[in-house]
Every structure is written in structure tokens, then in C-alpha cells.
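Side-chain atoms are counted along with the backbone in the values below, which use heavy atoms only and exclude waters and symmetry mates. Residue numbering restarts at 1 for every chain, and letters A, B, ... go by the order of the sequence lines.
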Protein chains: 2
Amino acid sequence: MGATVTSRVFDLLGAFDAGHRSLTLSALARRAGLPLATAHRLVADLRRCGALDRRPDGEYVIGRRLWDLGLLAPMRTGLRQAASPFLHDLYGATLATVHLAVRDGAEALYIDRLAGHVSVPIVSDVGSRLPLHATGVGKVLLAHAPDDVVAAALARLTRITPYTVTEPARLLAQVRRIRAEGYATTGEEMSLGACSVAVPVRGPADEVVAALGIVVPTLRRERPKLVAALQVAAQGISRTLARS
Amino acid sequence: MGATVTSRVFDLLGAFDAGHRSLTLSALARRAGLPLATAHRLVADLRRCGALDRRPDGEYVIGRRLWDLGLLAPMRTGLRQAASPFLHDLYGATLATVHLAVRDGAEALYIDRLAGHVSVPIVSDVGSRLPLHATGVGKVLLAHAPDDVVAAALARLTRITPYTVTEPARLLAQVRRIRAEGYATTGEEMSLGACSVAVPVRGPADEVVAALGIVVPTLRRERPKLVAALQVAAQGISRTLARS
DNA sequence: GCGCTCCTTCCGTTCAGCGGAAGGCAAGTA
DNA sequence: TACTTGCCTTCCGCTGAACGGAAGGAGCGC
């Protein structure tokens with residue numbers, strides 16, 4: 001690996017993740033695999049650039065500059081904008097947490113999320129990546145992914161809760177059903193006490209560009225209603241995407 | 001200015017802004033004030049780190065890595081999460097575009113935004129900064145800012161539309177009224193065809209931590225209803241903030 | 001006191017970064 | 001075709017910025 005300053009800078013920044021939003025200098029250096037003195041200097045530079053902030057307690061956090069820059073990334077901006085109003089509609093109709101995700105390699109990347117007042121235990125957040133086999137949106141994305149991705153996913157089905165599907169054959173059957181019926185469901189497979197329903201969002205050429213899902217405490221017999229609401233919203237998003 | 005690699009990297013990244021989300025290499029170098037060869041090498045490094053992407057047409061855009069990092073920034077995460085459901089409620093009740101902003105120096109920084117299907121011409125977006133004197137949320141934040149900020153703002157009131165308030169005395173009178181009545185309004189002062197109403201969001205110690213506003217085509221005689229809805233939502237946010 | 005972990009500063013070495021210059025496309029112009 | 005203009009890319013010798021071990025605090029617990 002080339003030891004350019006740029007790569008070191010991103011090694012440092014990469015030390016932050018969802019579970020480590022603030023770090024001490026030494027933790028930063030340790031996680032980035034850099035000598036303390038080097039980390040110290042780079043961190044000082046980054047702070048001068050506004051990329052890192054130092055909180056009163058001495059720990060470092062990602063700074064405003066990076067927040068600004070991140071918002072400029074073309075992360076499906078069009079998709080997010082097109083979907084936004086429909087997510088609200090869905091929330092209004094179901095009062096459930098609503099998710100919009102795309103497939104990023106072998107993971108589902110959540111690009112928008114809309115949570116209500118009372119929420120089921122939910123792990124996802126905007127920007128987080130979750131496996132394809134244990135969530136509603138994940139299964140939808142998996143069902144419409146290229147064969148090699150499906151194969152790779154089936155190869156390692158990690159158990160997350162007692163209800164997570166870990167037998168390849170069973171997941172494959174689900175994938176087939178999802179393709180046929182047009183929606184996916186999960187029952188506490190990612191998080192206990194949380195069930196989900198999800199449908200694909202299609203682009204102009206009918207290809208699946210994203211998945212739209214909601215999370216509810218229990219499916220009971222609301223499933224048909226939820227599926228219908230999701231499909232209406234998904235079609236609305238597709239229509240909005242088409243004209244732009 | 002120290003010519004550290006880190007600063008150069010951020011000079012490059014800083015060449016992107018809301019109006020320039022994609023740039024050619026030479027534009028990037030020009031805007032960053034760097035020699036072409038230098039920019040070329042740094043851009044290659046950044047691309048290797050995932051901080052920049054190259055689109056098929058050859059232009060560079062902010063990459064996914066920075067999007068991820070930006071989401072880790074503690075940009076009022078607590079405030080955003082607390083406010084989120086109330087923004088939806090507001091949208092549901094009014095069908096207007098809803099904004100949540102904080103004061104960042106002498107500007108209003110929009111930290112969340114919720115737009116409906118049909119929207120009035122609106123300039124703001126999440127992450128954008130707008131002056132304090134020409135928007136609803138801006139005026140609210142101005143009215144509860146320290147005296148020196150108010151003085152600085154009054155000193156340069158740039159005209160944006162024919163209706164923008166540019167006389168210091170008049171804005172000062174408005175600021176006093178906003179403090180007394182608890183809400184602010186604007187009429188096409190930022191963008192023609194867009195009026196707004198905004199109220200303060202208060203923290204545990206009754207200090208103003210943010211402003212909550214909505215944008216509508218016209219105020220007509222809906223103002224009392226809108227103000228009431230906003231105040232209910234703002235109090236809800238404050239209550240949610242208090243217990244956490 | 002002693003040990004521990006953390007942060008900061010110093011300084012001589014050296015190698016990564018620098019950037020002018022030159023070359024290669026691709027489009028537009030005459 | 002020949003010339004211009006704007007891009008992007010590569011080369012290469014010089015040099016000073018980055019490096020990181022080491023030493024020196026500062027704070028805390030025992």
C-alpha cells in the first residue's frame with residue numbers, strides 16, 4: 001500500500017464509524033494504524049481544515065466541513081428527491097418507519113429513512129449498511145440482484161436473531177417467491193420485535209433501482225394493506241423518476 | 001497559509017459547492033488554485049480512497065466515502081432525530097415544505113427539510129446556508145441571537161428580491177416583534193412566490209436552539225392556524241429533547 | 001511516591017510530494 | 001490537411017514537508 005498523505009488522512013477518518021463517532025487521539029491512531037506522533041500532526045491539520053472537531057472533553061469528532069461535503073455527493077440525489085414525498089405519504093398512511101435503500105455490492109445501503117414517534121427497535125439509519133438476507137428491503141434487492149451477488153450472499157448467511165434465515169435453500173425459495181409476488185417480508189430476522197414489508201422501486205427501463213420498505217411491530221393481517229400502500233408509493237416514485 | 005498536503009486536499013474538495021457538484025480536472029485545479037499536475041495526482045489519490053468518483057463523462061464528483069463520513073458528523077443528530085417525527089406531523093397538517101435550521105455564525109444552516117409533492121420555488125436544501133434577514137427561520141434565529149450578531153447582520157442587508165427588507169430600522173422593529181409575539185413571517189423576501197412562517201425551538205434551559213419554519217405560496221388568513229401548528233410542533237420537539 | 005495512559009513537542013533524516021515541461025487526444029476552425 | 005485550443009496524462013530531478021522515535025509534561029488512581 002502506498003503511504004501517501006492522502007491515504008493516511010482517510011485511514012484516520014476511517015477510524016470513525018457508526019459505533020465510534022468520537023475518539024481520543026490515541027484511539028484514533030491505534031485504529032488507523034499510525035504512530036501517535038503522525039496521527040497527532042495529521043489530526044491538527046484536519047482540525048485546521050474543519051474536517052475534525054475537538055469536543056470540550058478532548059475527543060475528536062467528524063467536523064462540519066465533512067458534513068457539508070458529504071451532502072454534495074450525488075448519492076442518488078434524484079432518487080431521494082423523487083421518493084421524499086412518497087415516503088411521507090407512506091408514513092402518513094401507516095405510521096410505520098419507512099426506509100429507502102439501494103444495493104451497494106453485497107449490502108443494502110439505506111439512503112433515506114423516516115421514523116415516527118413510537119418506533120419499533122430498529123438498527124438502520126441513513127448511511128448504514130445491512131446484510132441483504134435479513135431485512136425486507138435487503139431481500140427485495142437480493143431478489144433482483146445479478147446471479148453472482150445472490151450466490152455470494154447465499155454462501156454466508158450470518159445469524160442475527162433466532163429467526164434469521166440461514167439455510168441457503170430456504171432463502172433461495174424466498175427469493176423466488178419475492179420475484180413472483182413482487183414483495184418481501186421479514187419477521188424479527190434482523191431485530192426482535194420488528195417485522196417488515198418491502199417492494200422494489202423500478203426505473204425507466206423497468207430495472208430495480210431501489211427498495212422501499214416499512215417496519216412494523218407485527219404483520220398480523222395488515223399485510224395486504226401494507227403491500228398495497230407500498231406498491232402505490234413505489235409506482236409513484238417510478239413515475240416521478242421517469243419525468244426528469 | 002501552510003502548504004500541507006492535507007490543506008491542499010481540502011482546497012480541492014472545497015472547489016465543490018452546491019452550484020458545482022461535478023467538475024473537470026482543470027476546473028478543479030483552477031478553483032482550488034493548484035497546478036494542474038498537482039491536482040491530477042491528488043485527485044488520483046482521492047479517487048483511490050473513494051473520496052472522489054469519476055463519472056462516465058469524465059467529470060469528478062464527491063464520492064461515497066465522504067457521504068458516509070459526513071453522516072457520522074454530530075450535526076445536531078439529537079436535534080434532528082427529536083424533530084423528525086414532528087416535521088412529518090407538520091407536513092401532514094399543512095402539506096407545506098417544512099424546514100429545521102440552526103444559526104451558524106451569521107447564517108441560517110438548514111439541517112433538515114421536508115418537501116411535499118407540489119412545492120413553492122424554494123432555494124434551501126439540507127446543508128445550505130442562507131442569510132438571517134430574508135427567511136422565516138433566519139429571522140427567528142436572528143431575533144434570538146447575541147447582540148453582536150444582530151448588529152453584524154443589520155450592517156449588511158443584501159437585497160435578494162424586491163421585497164427583501166434592507167432597512168436596518170425596519171428589520172430591527174421586526175426582530176422586536178418576533179421576540180414579543182414568538183413567531184416570524186416573510187413575504188417573498190427570499191424567493192418570489194414563497195412566503196414563510198417560523199417559530200423558535202427551545203432547549204432545556206429555554207434557550208433557542210433552532211428554528212422551525214414552513215413555506216407556503218401565500219399567507220392569506222391561514223397565518224394563525226400555521227403559527228399554532230408550528231408552536232405545537234416546536235413544543236413537542238422541546239419536550240422530546242428534554243428527556244434524552 | 002510510583003505506575004499508568006494520555007497528549008504534546010522536538011529534531012535529524014529521507015523520501016514523498018512537487019510542478020514545469022512535454023506529449024497525446026479530441027473538437028472546433030480555416 | 002494544417003493550426004489552434006482545450007483537455008488529460010506522464011515524466012523526472014529537486015527539495016522541503018512529512019516522518020516517527022524519543023523525551024517531556026499533565027492528569028489520575030493506588
Side-chain angles (χ1 to χ4, degrees), chain A residues 1-66 69 72-74, chain B residues 1-66 69 72-74:
Chain A
M1 79 144 195
T4 78
V5 177
T6 310
S7 74
R8 274 180 233 262
V9 161
F10 279 91
D11 286 346
L12 268 181
L13 295 177
F16 293 94
D17 63 31
H20 302 82
R21 290 177 177 239
S22 71
L23 295 167
T24 66
L25 174 61
S26 18
L28 212 42
R30 210 177 315 122
R31 289 171 62 87
L34 292 175
L36 190 58
T38 303
H40 183 259
R41 183 171 26 81
L42 287 180
V43 162
D45 286 350
L46 286 171
R47 206 139 77 94
R48 219 166 291 126
C49 295
L52 288 182
D53 271 350
R54 188 165 205 185
R55 293 191 316 196
D57 65 4
E59 300 217 332
Y60 291 94
V61 293
I62 300 284
R64 236 207 350 254
R65 186 80 181 270
L66 285 176
L69 284 172
L72 293 175
Chain B
M1 78 144 195
T4 79
V5 176
T6 310
S7 73
R8 275 180 232 261
V9 161
F10 280 92
D11 286 345
L12 268 181
L13 294 177
F16 294 93
D17 62 32
H20 301 83
R21 290 178 178 239
S22 71
L23 294 167
T24 66
L25 175 60
S26 18
L28 211 42
R30 210 176 315 121
R31 289 170 61 88
L34 292 175
L36 191 58
T38 304
H40 182 259
R41 184 169 28 78
L42 288 179
V43 163
D45 286 349
L46 287 170
R47 206 140 79 94
R48 217 166 292 126
C49 295
L52 288 183
D53 272 350
R54 187 165 204 184
R55 292 191 318 195
D57 65 4
E59 300 217 331
Y60 291 95
V61 293
I62 299 285
R64 229 198 10 240
R65 187 81 181 271
L66 285 175
L69 284 171
L72 293 174

Of the candidate nucleotides C:dG19, D:dA18, D:dG20, which contains the atom at the shortest distance from the side chain of B:Ala37? C:dG19
Mapping B:Arg30 and B:His40 onto DNA chain D by nearest heavy atom, which one lands closer to the 5' end? B:Arg30
Within this structure, what is the OH-to-C1' distance between A:Tyr60 and C:dC7, rounded to whole angstrom? 8 Å
Between A:Arg31 (CZ) and C:dC6 (P), how many Å, whole number? 14 Å
Tell me whether the side-chain N/O atoms of A:Thr38 come closer than 4.0 Å to OP1 or OP2 in D:dG20. yes
Ignoring the backbone of A:Pro35, work out which of C:dG20, D:dT9, D:dG21 is nearest its side chain. D:dG21
Assign B:Ser26 to base, sugar-phosphate, or nothing according to its heavy-atom contacts below 4.0 angstrom with the strands shown. sugar-phosphate
Interatomic distance, B:Arg55 CZ vs D:dC7 C1' [rounded to whole Å]: 16 Å
Applying side chain to side chain contact (heavy atoms under 4.5 Å, CB included) between B:Tyr60 and each of B:Leu23, B:Leu25, B:Leu12, report the one that passes. B:Leu25
Looking across every strand, which nucleic acid part, if any, lies under 4.0 Å from A:Leu36 by heavy atom: base, sugar-phosphate, or nothing? base
Rounded to whole angstrom units, what separation is found between the CG atom of A:Leu42 and the P atom of C:dA16? 15 Å
Nearest heavy-atom pair of B:Ala29 and B:Leu36: which atoms, and what distance? CB-CD1, 4.0 Å
Charged N to carboxylate O below 4.0 Å: is that the case for B:Arg48 and B:Asp45? yes
Of all the choices, D:dG21, C:dC6, C:dG17, which nucleotide is nearest to the side chain of A:Thr24 once you look at every atom? C:dC6
Nearest to the side chain of B:Val5 - C:dT9, C:dC6, C:dC18? C:dC18
Rounded off to whole Å, could you give me the CZ-to-C1' distance for the A:Arg41 and C:dT9 pair? 12 Å
Whole angstrom is fine here: how far is it from CG in A:Leu23 over to P in C:dT5? 18 Å
Quick check on DNA chain C: between A:Ala27 and A:Thr6, whose nearest nucleotide comes earlier from the 5' end? A:Ala27
Please determine if B:Arg31 and B:Asp17 form a salt bridge, counting it only when a charged side-chain N lies under 4.0 Å from a carboxylate O. yes
Reckon B:Arg8 has a side-chain N or O less than 4.0 Å from the OP1 or OP2 of C:dG19? yes
Determine whether B:Phe10 and B:Val5 make a side-chain contact, defined as any pair of heavy atoms from C-beta on separated by less than 4.5 Å. no
Distance check needed: D:dC8 P versus B:Arg47 CZ, whole Å only. 12 Å
Rounded interatomic separation in angstrom, taking CG from A:Leu34 and P from C:dT8: 16 Å
